Amino acid sequence: MPRPRYSIFSLARNALAYHQNWTEAWRSPAPKPHYKVIIVGAGGHGLSTAYYLAKEHGITDVAVLDKGWLGGGNVARNTTIVRSDYLFGESIALYDKSLSMWHDLSRELNFNTMFSPRGIVKLIHNRDGQREAERRFNALRLAGVDSEMLTPLQVKRLAPMVDISPGAAHPVLGATLQRRGGIARHDAVAWGYARAADALGVDMIQHCEVTGFRIEGGRVKGVETVQGFIGADAVALVPAGHVGVLAAKAGFRLPIESVTMQAMVSEPVKPCLDTVVMSPIPFSLSQSDKGEFVFGMSTEPYNSYSQRGTLPHIEEISANAVSVLPGLSRLRMLRKWGGVLDVSRDVSPIMGRTPVEGMYVNCGWGTGGFKSIPGSGWAFSHMIAQDRPHDLMLPFGLDRFAAGALIDEHAASGSFEAFK
Amino acid sequence: MPERYLRQSALAHLGLESRAVDDPGDAGLVLCERAHLGKVGLRGDAGDKGFLDAVAKELGFALPLRPNTVAAGEDVTAFWLGPNEWLLAVIPYEGTPLAEDLDKALTGLHAGATVLTDSRTVIGVSGPAARDVLAKGCPLDLHPSAFPSGSCAQSLLAKADVLIYLHEDGGRFDLYVPRSYADYLWRWLEDAGAEYGVAVSGD
Amino acid sequence: MLLIECPFCGPRAEVEFRCSGEGHIARPETPENISDEAWADYVYMRTNPKGLHFERWMHQHGCRRWFCVARDTVTHKIRAIYKLGEAKPALDEPKTEGEGA
Amino acid sequence: MQRNRLSEGGRIDRSRPLKFTFNGRPYEGFAGDTLASALLANDVRVVGRSFKYHRPRGIVAAGVEEPNALVQLGEGGFEEANARATQIELYDGLDADSVNCWPSPDLDFGAIVGRFSRLLPAGFYYKTFMWPPKLWMTYEHFIRRAAGLGKAPKAPDADAYDKRWAHCDVLVAGGGPAGLSAALAAGRAGARVILADEQAELGGALLNGHEEIDDRPGLDWVADTLDELRAMPEVRLLPRGTVASYYDHNFLAVYERLTDHLGPQADAGPGNPRGRLWKVRAKQVVLATGAHERPLVFADNDRPGIMLAGAVCAYLNRYGARPGQAGVVFTNNDSAYRTALDMAAAGIAVPAIVDLRPDPGGDAVQEVRERGIEILANHAVVSVAGAKGLRGIEVAPIDPSGKGLAGDPRRIACDHLAVSGGWNPAVHLFSQSRGKLDFDTDLNCFVPGQSFQAECSAGACNGTFGLAGCLAEGHAAGVSAAEATGLTGKPGKAASAADRPEGSIRHMPTVPGKHPVGRGKAKHFVDVQNDVTAADIALAVREGYRSVEHAKRYTTLGMGPDQGKIGGMTGFAALADSLGATMPEVGTTTFRPPYTPVPFGAIAGRDVGALADPARTTPMHGWHVSAGAVFDSAGQWLLPDHYPREGEDRRVAVRRECLAVRGGVGIRDGSTLGKIDIQGPDAVRMLDWVYTNAWGSLGVGRCRYGVMLGEDGMVMDDGVTARLGEDHYLMHTTTGNAAGAFWWMEEWLQNEWLDYKVWLTSVTEKWAVVNIAGPRARDLLAELTRDIDLSNDAFPHMSVRSGRVAEIPARVFRVSFTGELSYEINVAAGFGLALWNAVMLAGQRFGITPFGTEAVHVLRAEKGYLAAGQEIDGTVTPLDLGLDWAISKKKADFLGKRSLTRSAMVREDRKQLVGLLTKEPGIVLPEGAQIVGELRAAPPIPTIGHVTSSYYSPILGRSIALALVEGGRARIGETVSLPLRDRTVEAELTKPLFYDPEGERLHA
């Protein structure tokens, strides 16, 4: 299934033909009766897993099933921030593998993901934040991952909208900077992986909701779907925002709760914020290539499978962001939406085996899902292909909960609230 | 006993007395600190008749048992806070004797009284814009049909926990606010009232 | 924003409450006699249903009482509110309506 | 000279001229104008440039759906980007400029992009800019510069914004005939009503025409209705109030603009807010939000002068402004025939009505015929002339297939074209409320289906476009809403209007033309705001982006500042056409809040600046301020960090304070420490659960240290609890955990230990705490109290006594966080300042020194005491912290106990608390520094731990640090490296205790 390469030349050639000759980015095949691997969830992680299964491991007898349109889950509704400035070595290794892959992703996929390493500025507002930043900065530096400490003046130079006056409601004492981090065009990542995986022979089957699993003798044999039974040697669950439902159908529980996270954008304005600004108070902010300010938030306070959200949270985030970047006050909220995050109890992902033989799970990415798409798919495809976890994902197995070997980025990152 | 003047109200530092006027003029919002109320926290089981009787005997009136209601005697007002919790506001502000008397009266029961005079202060809010100002920070419906005179409720006002009480005459709201939040809440109220005009009155 | 009928204070806005997560989770009677897996199940594993969810809420800025709420995690409709210690009400599983994604 | 101003008619006040500036040129309009109507009256045809191709654009609409007339408004602290000219009420001195063009919309250098438009189909950027890799940031720089519309204001916002809650029986969204009818019916029935309408003037579509109600002018009915509503005390009218979002449980946000129409306010600020965000809880909601007209998709349908027919009516009838001298109407339905009549009545030459339908019928058509206007049935507009202002059009008959033309084009001169493709109900709020949409094939639009919340749609937003129907539906909605809230007042009768039959609509996703879509030079816009064409949609389908969401995202359809109010449905229709599918099969994308953009400042309200976060203060706060303390925040609390004297920096001040405590006596405000009063016969049972150690043996008057775990075995808090009486305890928590620990215990008591007889009361704020610490503390206290025996035997370390201090009733705890002889004197908060002053006075002869939180940290670290947020960070167990001694071996269970025996908890390489002494004693390590066992020349270098606390210890004359290190306890004595930014420091691992290891000073 060769696909014409995208380039300025193909664009010019097609322009002469009024763009009538472009071919479809991916096929819409009917499901085969059996696949070697079925991936449930055609989101960023599912699609990248399929792509790397085909590309790195030569396994092309793969179907990616989705209950809706491909790339319609969290990859379509996140705030597109890509970074690896985590605290624990396990997290740094995994996320930085992913960040490195982002830098070449457009050319790898021949699809411009518009990844833009414009730097992640994480503000420090108080003593606790300073301590956390120093710890993280040093952890990253010693791991060989880029990280810098900024003075308030350096913050001002990178992000002139930030109020660094000492009397500010949330004074800026400094920041950490990860220059290799940035933002990307979220849809393009899903579409790029889908197109590239399709070209390698992977079947993307949309509107094919999984209604159950056929499990015999503790081993998975295939999936029941709205389009009928599809057999498989291995089944990988990668349905962000939905994994609890599938796990229940397969007969096990996960240390995961699904919650809504909102995001919002402003009307588009000319460029005035060139880096990503994140603050623990909390909010995150970047300006997209379209000119919209993209606001990220923390999660809503109760379980929800609703891609909506509440007003109080929007109020809080707006107040936080306006306090730190007062110039936002007269800009206007254009649109807000929500996504459903599967948040694990230590807010780190769960990757690996499940209690069902032949069934693997990759879930619980919480707010880390988008940035990890390349690395997660790359590592997870290794697990599926070789039935052995890749070293990068070894610490993230489901078994860590019984052992108590949690990777609690959240607790240790200064946002520790003892009594949640 | 130490000199009374040594005892400072939560908002003493604002010098409200010097700002107090007798006639608020056309100010839409009139604020005051009611610094001299004693407060006693009372815990006990509303289903325990022995407890209710003992308290009623001590207070001279029965505790309010319906949610968001108030009962009052001559010097003591009792606010319903929950199914096993009440706040007593006492005149004068030394709540200790009442708490001790109650404790004695409640001996042997699973009940207790704690002096909370200094835990909270009371900000009085009145004037024609009082409801409008409170609506800026309080999610309760304070319309007379939903919150009639003589009601009380615990809720939020801006970012402070408050117990809101509307006096029987409907003329003034009393906000019972944790002491450490009093300065914030006072500043918030002055800010919220700015569009209506703010005056300070004596207690 | 939800309107939650506190069983003690009456209907109040969501901002007055705190959600304490899944309800009816029994603490193991004799933790020392159960496996690490069984203990982890109690500490970490959650039902996380899409649809009817039995959970606990607390009226943090009101009467400070905990109580039980049966809430649909898709529609956010509150199906039942009851006091602690009362049994789970029998409720139908909802059809997943009203998800305006 | 307002060339296009009608001499009479409209709602403007010609006696009140207003001057304004647009793109640097002065103009004049009238009170009652919008910027858009004033520009139209002044014959300003090009108002901006398009988003992608920089095509000249004119005003299209008269309301919120306007896609082109976005302007940069005002300056300084009042500047605003992307303001919509149709929503800007004219005020004197208004100054606006077009966005996204340079130097002006008439001469825009960006238009060069348009020349290459063939190279820029939908999604072109996904296919290129990938090579060479280094150049992407350069490409992107130009993409970013090209994108965006207006400019973000640079000056701080001069305005303040208000927010408030509101409650009502019935919220009515929209003040047109349906909304007014609903509000009137509900109000008469006795309901508390809020009626919000985005317009300055209520009346809705009635303002734009001259329809009659109850046999008199419709606007008279509006006036009477408003009079009646205003007389109702429980009805609140919110003109200039846009219902922006509809949340769960009938909670809605309304943004009311208070001063925008007045221009910049001299007294801008909290006393005169710019806008108010209403947070409304409504028992019932009536949506009467009207409808938006659809454009038709034909060749170059974006040229200035091509307007929506309904907008033409609005400008003529409401604003007395005409779009030009000669206008053609292009329609597929009856409604635009009224426009033709209005145009003719305003003296505009109307050479023809071009109608896609073969046989137009209906009342209005008849009237037009009688008027003698030519009707070109079964005709299409196939080309337009005039890139910067319409000069004429070509029309041609349509062939029977509806796909091509059946004759030669004919040219008609005109300077504007009024277009109608039918109407889309404004179902935005309905959809936000989770209501399901149905597709009405007769009207060719989505209409509200099943409601999900207590809501009812009425009038045009419900697909009922006729006035009679709007009045009837509105009334009925008001009646049923009032009834549903249990109100029984008499709602009165509905107002009536003539029912005028209309002909059907001819749906054509794209109008046939000279070339197939995408082939000729002309562009067929489906979304004018985002420059999305029918060819783009077709390309998306060709490339497999077939789902409505894929097509939207690939082409950016409906993603501009108007959020697709005009372009969305038009694009979906083009998509359905390309797919050969029906509209219900294609569906819609989700309608996201807000309905129209809302300033972030308004959403933030007053929770910014000084009111951003409550600053909690202690009773002694004023003293600290006058003593020149430098403050630090602990959660929301403000506490003195240190008290610098003249010429002292922080370092010097903290050293002085530390030495004063170690050498004499210091005084500290300890009021913020969490305090929980615990009473009841089962207090001990509860303490035995929540703390790791056993509490049964604690005598009255004695104190004990406790460690609180989560069920995961991690330390959450620690502190000292005192037994005050038989069944009476007082628990101290860390400042930050006061509320958390309280809720933790309450949760267990209320949920699990229902039979326990324990009452908890938070008494943090009841007590002011004055802590005196140092070898002279007893001597000092002795000066202040007569009724407490201070001798070591009578009042040993870890005990509590009651008495009077400085004549004030007090509870004195002999506890220490500094390692010195230390008393924490608790008095009623109101006496806190008095006590502090008394202690300071008495302490003068002991050289008493106030010390702040930083000195406390130095002193506690010298003793290896733990700090929440530093050593205790949610990932450490009591064993990690060396607190084995505080874990009862006898208790069968306590919260978190089981977790401590899991495999990862008992590993010997867990991070454990140790001390750290740098080889060079002068180096103070940064907190957060990472520790390395085996140093390597270059990263990656594995780390074995990190520094949690680090200070210079004045008493030891060297630096000290606490750290969590893998297997640390077994490594004590080893040397480790800390590679800092500028150098690598070597340090020795020690026990986490640096001073007075035997605790002699505590017990002195």
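Below, read A as the first sequence line, B as the second, and so on, with proteins coming before strands; counting in each chain starts at 1. Quick caveat, the model's predicted, so the values are computed rather than measured.
Contact annotation: the side chain of N84(B) approaches that of W759(D) to within less than 4.5 Å [non-hydrogen atoms, C-beta and beyond]. Proximity of T617(D) to S180(B): side-chain heavy atoms (C-beta onward) are nowhere separated by under 4.5 Å. In this structure the side chain of R616(D) never reaches within 4.5 angstrom of the side chain of R179(B), judged on heavy atoms.
For L760(D), the part lying near chain B is the backbone, with the side chain staying farther off; criterion is any non-hydrogen pair under 4.5 Å. The parts of H110(B) that come within reach of chain D are both its backbone and its side chain, each placing non-hydrogen atoms under 4.5 angstrom from that chain. Interface remark: T121(B) contributes no atoms to any contact with chain D (heavy atom separation under 4.5 Å). In this structure, chain B has a heavy atom under 4.5 Å from the side chain of L833(D), while its backbone stays farther away. The part of L140(B) that comes within reach of chain D is its backbone (N, CA, C, O), which places non-hydrogen atoms under 4.5 angstrom from that chain. In this structure, chain B has no heavy atom under 4.5 Å from any part of V827(D). Contact of T618(D) with chain B is not made at all, since no heavy-atom distance falls under 4.5 Å. Using a 4.5 Å cut-off between heavy atoms, W637(D) touches chain B through its side chain atoms alone. Looking at A838(D), there are no atoms closer than 4.5 Å to chain B (heavy atoms on both sides), in backbone or side chain.
No donor-acceptor contact under 3.5 angstrom links the side chains of Y184(B) and Q636(D), judged on distance only.
A salt bridge links D141(B) to R192(D): at least one charged side-chain nitrogen sits closer than 4.0 Å to a carboxylate oxygen. Using a cut-off of 4.0 Å between Lys/Arg side-chain N and Asp/Glu carboxylate O, K766(D) and D118(B) are scored as not salt-bridged.
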Audit row: E765(D), S119(B), side chain to side chain donor-acceptor pair (under 3.5 Å) steps and yes/no: CA-CA 5 Å; E765(D) 319 226 5; S119(B) 285; over 6 Å; no
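Between atom CG of residue L156(B) and atom CH2 of residue W165(D) there is a gap of 8.5 Å, rounded to the nearest 0.5 Å. Going from atom CG of N837(D) over to atom CG of L6(B) covers 9.0 Å, rounded to the nearest 0.5 Å. Within the model, atoms CZ of R43(B) and CG of D677(D) stand 10.5 Å from one another, a figure rounded to the nearest 0.5 Å. For the atom pair R164(D) CZ and C138(B) SG, the distance stands at 11.0 Å (nearest 0.5 Å).
A pairwise comparison of heavy atoms in P273(D) and E195(B) identifies CG-OE2, 3.8 Å as the closest pair.
Residue K159(B) places its NZ atom among more than 12 non-hydrogen atoms of other residues, nucleotides or ligands, all under 6.0 Å distant. Summarising the local packing, CG of D26(B) is surrounded by 12 or fewer heavy atoms from other residues, nucleotides or ligands at distances under 6.0 Å.
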